[in-house]
Asks: 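Below is the structure I would like to discuss, written out as structure tokens.
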Amino acid sequence: MSYLIRGAQVVNADCSQDAEILIVGDKIAAVGAKLDAPAGCEVIEAAGLLAMPGGIDPHTHMQLPFMGTVTADDFFSGTAAGLSGGTTSIIDFVIPNPQQSLLEAFHTWRGWAEKSVADYGFHVAITWWSEQVRAEMAELVTQHGVNSFKHFMAYKNAIMADDEVLVQSFTRALELGALPTVHAENGELVFSLQQALLKQGITGPEAHPLSRPPIVEAEAANRAIAIANVLNTPLYIVHVSCKEALEAIARARGNGQRVFGEVLAGHLIVDDSVYRNPDFDFAAGHVMSPPFRSKEHQSALWQGLQAGHLHTTATDHCTFCAEQKAAGKLDFSKIPNGCGGIEDRMAVIWDAGVNTGRLTPNEFVRITSSNCAQIFNLYPRKGVIAPGADADIVLWDAQATRTISTKTQFAKGGFNVFEGRTVRGVAQHTFAGGRHAFKLGQLQVEAGQGRYTTRPAFGAQHQALARHAALHAPQAVPR
Ligand code: URP
Ligand code: ZN
Ligand code: ZN
């Protein structure tokens, strides 16, 4: 199948231009003025629309078994919801149980993801350490196209990685040319604060943010940065939610450390007042970690994006329905942690970022797609509209409005943290791997159309950067 998109303004991270786009099969064949349409090519009239690289969400959890239940969205419904909002690729997480083989877990997740309708890859979590883990990390990198490993510094008694695991795994990731990533919260402190709050009889969702204050996140971010500094590894910190963690990243970058920060659409838009709502379902629906923060932190996060200290935007899409959240009715620490967002990330960030003048359209592309593709080694296959790239394109109507509602959403779970928000900026068409997957409100997808995307190791460049950092690290003074 081929398509000629005519009349749109093509917006990439580096520039915008009025140009036609020719899609042949799953690739972009040409971008330019007055392209010839091959026989049988369908012409898409897109005057007045922006053509941007499809969004890449580097942080989702589809069909995740977590806190005694499984997320409401599976790889079909979750990726379909993403396509309806202009997101054409995800990087999800394989999370082995402690003592479980990484490869066994990887193959389990690959099986679950076969029904995806958008392209997908995986970060693999390191939840324990052994020689087997060390060997399997290599196999994942060299045989299965995994180039990032995740470490949960929170979730004690479940999947938490302690300092030994961080040190061993970061070291191994560097040898393999892979990128270590962390969920930065001090799990010991969270556990201790949870117990103290419960003892005081504070058992409702209002206790959730009290058990995970910004300093708990800042401590872990600073610790991970320090470990990465000593070991000369790069580091990617997921869902940065507070000013103090952001400052740690800015400081490290200022000192020449290669640290990347991710921010969630939810943390940019929703504030912590939601936890004080007396309606349990509403407050529990917002329980995720790190929690939503005060407006002061939100402003800092926007500034971090503008300043280039935060690089990617994600959702941490991890949906649970009210019945699942009710598991924590008597004890907030048992409320399954997670919220949705994949369907609305592009729209809410456009609306609150571009419409307010905080971001240019090119910067929007950078933080919703191109930076992610570059950091995780998907570029220029993804993250850019250019000949040879995957035909992952969203045709965006910057003037159209839409009111976000659970009644009209594709995502499951029956809850939306952006409920009732009217946004200006709407995905009208989404092309995913050359397929016209979303057209004027209608999904046109079949299970299994999404493809597993391999992400090569960083290789020589990565090692050279590490060596450069080592050369400039403080040296011991010989006696
Ligand atoms: O609350 C969250 N974020 N749930 C998903 C797991 C994680 O921490 O990313
Ligand atoms: Zn997390
Ligand atoms: Zn997550």
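In listed order, ligands and their atoms are each counted from 1.
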Asks: Checking T60 against Y120: is there a side-chain donor and acceptor pair closer than 3.5 Å?
Replies: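 Looking only at side-chain atoms, T60 and Y120 do not form any donor-acceptor pair under 3.5 Å.
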
Asks: Under 3.5 Å, N or O to N or O, is N337 touching ligand 1 that way?
Replies: yes

Asks: So if I count the atoms of ligand 1 from 1 in the order they appear, which ones are less than 4.0 Å from some heavy atom of G338?
Replies: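 The list of qualifying atoms is 1 (O), 4 (N).
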
Asks: Considering non-hydrogen atoms of the protein only, which is the closest contact for atom 1 (O) of ligand 1, and what is the distance?
Replies: S289 N, 2.8 Å

Asks: Which protein heavy atom lies closest to atom 3 (N) of ligand 1, and at what distance to 0.1 Å?
Replies: D316 OD2, 2.6 Å

Asks: With under 30° as parallel and over 60° as perpendicular, where do the rings of F152 and F93 fit, or are they tilted in between?
Replies: tilted

Asks: Between F292 and H297 (judged by ring centroids, cut-off 6.0 Å), do the two rings come close enough to count as a pair?
Replies: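 They do not qualify: ring centres at least 6.0 Å apart.
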
Asks: Would you say H59 has an N, O or S atom lying under 2.8 Å from the Zn ion (ligand 3)?
Replies: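 So H59 counts as coordinating the Zn ion (ligand 3), yes.
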
Asks: Look at ligand 1 and say whether Y155 reaches it with a heavy atom at a distance under 4.0 Å.
Replies: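 For ligand 1, residue contact (heavy atoms, under 4.0 Å) with Y155 is present.
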
Asks: For residues Y275 and F332, establish whether the separation of their ring centroids is below 6.0 Å.
Replies: no

Asks: Side chains of R345 and T315: do they bring a donor and an acceptor to under 3.5 Å?
Replies: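 Distance-only check fails for R345 and T315.
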
Asks: Which atom, among the N/O/S set of D316, is closest to the Zn ion (ligand 3)?
Replies: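 Checking each N, O and S atom of D316, the shortest distance to the Zn ion (ligand 3) belongs to OD1.
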
Asks: So which N/O/S atom does H183 have closest to the Zn ion (ligand 2)?
Replies: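 Nearest N/O/S atom of H183: ND1.
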
Asks: Using a distance-only test with no angle check, is there a side-chain donor-acceptor pair under 3.5 angstrom linking D272 and S294?
Replies: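 Not at all, the side chains of D272 and S294 share no donor-acceptor pair under 3.5 Å.
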
Asks: Fit a plane to each ring of F364 and W396, take the angle between them on a 0 to 90° scale, and name the class: parallel (under 30°), tilted (30 to 60°) or perpendicular (over 60°).
Replies: tilted

Asks: Is ligand 1 under 4.0 Å from a heavy atom in the side chain of H183, in the backbone, in both, or in neither?
Replies: side chain

